[in-house]
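If you're wondering where the values come from, they're calculated on a predicted model, not measured in any experiment.
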Amino acid sequence: MTVLVRTPATSANLGPGFDTLGLALDLHDEVTASIGGHQTVVEVEGAGAGEVDTGEGHLIVRTMRRTFDEIGVAQPEGIRLTCVNRIPHARGLGSSSAAIVAGVLAARALAERLSGAVFDDDKTLALATAIEGHPDNVAPCLRGGLTISWDSGVRRLTPHADIRPVVLIPPFRLSTEEARGLLPEKVPHSDAAANAGRAALLVAALTAQPDTSVLLAATEDRLHQRYRAPAMPQTADLVERLRSKGVPAVVSGAGPTVLAFSTPDTQDLIEPEVGIDWQIQPLNVDPSGATVQFPETR
């Protein structure tokens, strides 16, 4: 029994929407998962090849086993994974969330095929969030589009077609744990109020006919980006330079990738500001999120 799961990259926060806003991007990992045999074997192509665990310690394997337990089905003795990874690791594009979502969906699909056990979408989101620790990446990975997440749910919206994300990927990495460790326990009330207003404005700006000046104002952040800047000075500098040119640019997730919102009047302003070592990748928004197929029915 084999299942193929395709999961999109995601960008969380989008500036002011700390731990609440997320966007699914048209860049995907593909995982082929099967159960059977006496051993667990993981083959990895692309990002993480030669670095990640290739046995029981692999994040997708651990996630699948936890999901089997949550569903209440017997653990298979062996799991086999073939991973084609296109989402760069430790760059702020949701690679761990993509792996977690792949693991939950693969186990859910296999359990339903083999035993008829049903694990609904709300439980799937809740489990993926519990494993990841927060929903801002797993929600868009599962649902696609632009998502607003809170402690008991998620709302999916469709960004305007004229707004195109461009990710600017540096050659260096930054772990989410390191980036989160730089955040203060308390922030000024004025900063919290400013971010609340900007986050609300950003939802409106991303779903309406694009107005660059509004998008620029809406992507202003006071809660996390400046505190993380010492760990990624090149990222902080690029964000500042792009914004000074009028380009709505933010740190993607915990960084160090930069996400710029390209509109017809800013698309030619981005490339001149980016260093030669950085990868410039225009992407569409993924409208539907993760998909599951059984290869024999494709």
Side-chain angles (χ1 to χ4, degrees), residues 1-10 24-49 52-87 94-133 135 137-145 147 149 153-154 156 286-298:
M1 183 68 67
T2 301
V3 64
L4 172 64
V5 184
R6 194 166 179 261
T7 51
T10 52
L25 303 171
D26 191 21
L27 176 68
H28 299 84
D29 285 352
E30 293 182 354
V31 177
T32 303
S34 59
I35 55 177
H38 303 291
Q39 290 183 313
T40 291
V41 179
V42 180
E43 299 175 353
V44 178
E45 175 186 329
V52 299
D53 194 294
T54 55
E56 288 289 337
H58 192 279
L59 179 56
I60 296 177
V61 174
R62 290 187 280 119
T63 300
M64 289 181 69
R65 293 207 178 277
R66 180 163 172 181
T67 305
F68 287 135
D69 284 341
E70 292 285 335
I71 295 174
V73 299
Q75 288 285 350
E77 187 173 353
I79 294 174
R80 186 174 190 89
L81 298 180
T82 301
C83 306
V84 179
N85 294 339
R86 301 181 182 91
I87 304 170
S95 61
S96 64
S97 290
I100 289 167
V101 167
V104 175
L105 291 180
R108 182 178 85 162
L110 291 168
E112 185 172 358
R113 263 296 172 95
L114 292 169
S115 69
V118 176
F119 199 65
D120 66 28
D121 290 345
D122 289 341
K123 291 179 180 178
T124 296
L125 175 62
L127 178 57
T129 299
I131 296 171
E132 174 69 351
N137 285 107
V138 297
C141 189
L142 280 165
R143 304 287 172 85
T147 57
S149 306
V154 59
R156 179 192 173 281
D286 181 308
S288 55
T291 60
V292 178
Q293 294 177 303
F294 289 93
E296 67 270 21
T297 62
R298 279 193 295 162

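- Residues that satisfy the side chain to side chain contact (heavy atoms under 4.5 Å, CB included) test with S95, not counting sequence neighbours, are I87, H89.
- The distance from the OG atom of S34 to the CD1 atom of I79 is 9.0 Å, given to the nearest 0.5 Å.
- Between P8 and L25 the shortest heavy-atom distance is CB-O, 3.3 Å.
- Remark: A126 pairs with no residue by the side chain to side chain contact (heavy atoms under 4.5 Å, CB included) rule, at least two apart or across chains.
- Scanning for side chain to side chain donor-acceptor pair (under 3.5 Å) contacts around D29 gives an empty result, with sequence neighbours left out.
- Contact between A290 and V101 at its shortest, heavy atoms only, is CB-CG1, 3.9 Å.
- Residues V5 and A102 come closest through the heavy atom pair CG1-CA, 3.8 Å.
- Among residues two or more places apart in sequence or in another chain, the side chain to side chain donor-acceptor pair (under 3.5 Å) test is passed with T124 by R108.
- We find the CG-OG1 distance between L27 and T7 to be 9.5 Å, quoted to the nearest 0.5 Å.
- Under the rule for a side chain to side chain donor-acceptor pair (under 3.5 Å), the partners of S97 that lie at least two apart in sequence or sit in another chain are E132.
- Not counting sequence neighbours, the partners of P140 by the side chain to side chain contact (heavy atoms under 4.5 Å, CB included) test are T10, A24, T147.
- Legend: residues meeting side chain to side chain donor-acceptor pair (under 3.5 Å) with E43, ordered by chain and number and at least two apart, are R80.
- A distance of 6.0 Å separates CG in L110 from CZ in F294, rounded to the nearest 0.5 Å.
- Take D53 and apply the salt bridge (Lys or Arg N to Asp or Glu O under 4.0 Å) test, not counting sequence neighbours, and it matches no residue.
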Where do I35 and L114 land on the side chain to side chain contact (heavy atoms under 4.5 Å, CB included) test, with the steps shown first?
CA-CA 11 Å; I35 55 177; L114 292 169; 3.1 Å; yes
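- The shortest non-hydrogen separation linking R143 to D121 is NH2-O, 4.0 Å.
- Heavy-atom minimum distance, S96 versus L59: O-CD2, 3.8 Å.
- Scored by the salt bridge (Lys or Arg N to Asp or Glu O under 4.0 Å) test, R156 finds no partners at all (sequence neighbours excluded).
- What you find for L125 and A139 is that their closest heavy atoms are CD1-CA, 4.0 Å.
- Here the OG1-CD distance, from T2 to Q293, works out to 13.0 Å after rounding to the nearest 0.5 Å.
- We find the CZ-OG1 distance between R62 and T40 to be 12.5 Å, quoted to the nearest 0.5 Å.
- The CG atom of L142 sits 11.0 Å away from the CG atom of N137 when rounded to the nearest 0.5 Å.
- With R86 contributing its side chain and H28 its backbone, the two residues share a donor-acceptor pair below 3.5 Å.
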Do any side-chain atoms of residues 64-74 form donor-acceptor pairs under 3.5 angstrom with protein atoms, and if so which ones, sequence neighbours left out?
unit_1: R65; atom_1: NE; unit_2: E56; atom_2: OE1; d: 2.8
unit_1: R65; atom_1: NE; unit_2: E56; atom_2: OE2; d: 3.4
unit_1: R65; atom_1: NH1; unit_2: Q75; atom_2: OE1; d: 2.9
unit_1: R65; atom_1: NH1; unit_2: P76; atom_2: O; d: 2.9
unit_1: R65; atom_1: NH2; unit_2: E56; atom_2: OE2; d: 3.0
unit_1: R65; atom_1: NH2; unit_2: P76; atom_2: O; d: 3.3
unit_1: R65; atom_1: NH2; unit_2: E77; atom_2: O; d: 3.3
unit_1: T67; atom_1: OG1; unit_2: T63; atom_2: O; d: 2.8
unit_1: D69; atom_1: OD1; unit_2: Q75; atom_2: NE2; d: 3.0

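- For the pair I60 and C83, the minimum side-chain heavy-atom distance is below 4.5 Å.
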